[in-house]
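Here the structure is laid out as structure tokens; the discussion comes afterwards.
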Amino acid sequence: MSATLLLPLPHPEPVAAPAARLALKTDGVSRGLLDGAWWPRSRDLPSELPALTDVLDPLWGRITRIAVNPKYWPVIPRKVSVNGHVVKVGWFTPQIDPHKLLLLSYGTGRWDLLIIPPETGAESAARLMAAASDYDGPPLTASALIAADEARHGVRAADEPENPDDGAWEYEGGASAMSATVPEQPGPSSRTGRTGRTGQVSRLIVGM
């Protein structure tokens, strides 16, 4: 009687999630209303946030909280896991601009990113990322920046918000005042980008 040997099946190689697409201001750049732009690949916030915070943690310090306006996000998780730590996620409306993401790093500061709608074309996204991270960019809110690009180039990225004004932080039904002061942030030592007036790299491009 012959024996049949069953060879073990090869383990499938893990597929790495695509890197988050970001354009960020760096050290020495006037903060303005935005610190950069994020171009998510979908409106699936639970799957998009881990890749985003994975990139930002080494640059801005560990991200502890994130807040969005729920207008364009079908599902908002209460928390996401990133490299062994938990990031709490909250939402509030109408105080936060629907096209902006607010991030907090414990003991380090607050940052505001323009959210470029996932369905935006590559050319429009490139313009918006450049404008949001530009040293000499206009002091526009996130929604005003998108509206200005749509008006100039005739490309509509998303519906305009009802109220783009910023307000106090709200998290899971509660609210507390958060400082908007941004302390000096350690910049990456070996990155490429556009040089601003200070002679330092003023823009960091990730995932493009």
Side-chain angles (χ1 to χ4, degrees), residues 20-25 30-53 55-57 59-80 82 86-120 125 128-129 131-133 137-150 156-183 185:
R21 299 179 294 191
L22 292 163
L24 306 173
K25 292 179 179 178
S30 57
R31 181 172 181 266
L33 298 180
L34 296 168
D35 300 294
W38 173 46
W39 186 19
R41 301 173 191 274
S42 72
R43 295 199 181 276
D44 183 357
L45 199 59
S47 66
E48 293 285 347
L49 287 181
L52 173 65
T53 52
V55 172
L56 294 180
D57 274 1
L59 300 174
W60 289 350
R62 177 172 291 188
I63 303 300
T64 57
R65 290 179 182 246
I66 294 174
V68 297
N69 185 306
K71 182 172 182 177
Y72 297 120
W73 302 103
V75 177
I76 299 178
R78 292 174 59 115
K79 58 186 178 180
V80 293
V82 182
V86 173
V87 179
K88 295 182 179 180
V89 184
W91 60 268
F92 54 99
T93 181
Q95 292 91 346
I96 191 171
D97 190 320
H99 291 293
K100 188 176 79 172
L101 185 78
L102 187 155
L103 304 105
L104 294 177
S105 178
Y106 179 74
T108 305
R110 162 183 166 167
W111 294 269
D112 301 275
L113 295 180
L114 167 70
I115 302 174
I116 301 174
E119 62 272 15
T120 303
L128 290 168
M129 295 180 90
S133 59
L140 298 177
T141 65
S143 289
L145 194 59
I146 288 180
D149 186 76
E150 291 170 354
R156 188 172 184 81
D159 294 334
E160 293 183 6
E162 297 178 358
N163 188 343
D165 295 332
D166 290 341
W169 172 278
E170 291 181 16
Y171 178 71
E172 296 176 359
S176 60
M178 289 289 178
S179 171
T181 303
V182 177
Q185 305 165 23

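As the structure is a computational prediction, the values presented were derived from the model and not from experiment.
In this structure, T120 and A125 approach most closely via the heavy-atom pair CG2-N, 3.6 Å. Nearest heavy atom pair, residue A142 against residue D97, reads N-OD2, 3.5 Å. Looking at every heavy atom in both residues, M129 comes nearest to A37 through CA-CB, 3.9 Å.
Every residue was checked against the side-chain hydrogen bond (donor to acceptor under 3.5 Å, both in side chains) condition with T64, not counting sequence neighbours, and none meets it. With sequence neighbours excluded, the residues satisfying side-chain contact (heavy atoms from CB on, under 4.5 Å) with P50 are V80, V82. Taking P40 as the reference, W38, E48, W73, I115, P118 meet the side-chain contact (heavy atoms from CB on, under 4.5 Å) condition, with sequence neighbours excluded.
Proximity of V55 to L22: side-chain heavy atoms (C-beta onward) are separated by under 4.5 Å at one or more points. Looking at heavy atoms from C-beta onward, L56 lies in side-chain contact with L24 at the 4.5 angstrom threshold.
To the nearest 0.5 angstrom, I96 atom CD1 is 7.0 Å from D112 atom CG. Here CG of L101 is found 12.5 Å from CD1 of I116. Values are rounded to the nearest 0.5 Å. Taken to the nearest 0.5 Å, the CH2 atom of W111 stands 10.5 Å off from the CG atom of L102. Atom-to-atom distance recorded for L128:CG and D149:CG is 4.5 Å, nearest 0.5 angstrom. How far CZ of R43 is from CD of E119: 4.5 Å, rounded to the nearest 0.5 Å. One finds the NZ atom of K100 at 9.5 Å from the CG atom of D35 (value rounded to the nearest 0.5 Å).
When each of T53, L113, I76 is paired with I66, the side chain to side chain contact (heavy atoms under 4.5 Å, CB included) condition holds for T53 and for no other.
A donor-acceptor contact shorter than 3.5 Å links the side chain of S105 to the backbone of R62. No donor-acceptor distance shorter than 3.5 angstrom exists from the side chain of N69 to the backbone of T93, with no hydrogens or angles considered. R65 places no side-chain N or O within 3.5 Å of a backbone atom of L104 that could act as its donor or acceptor partner.
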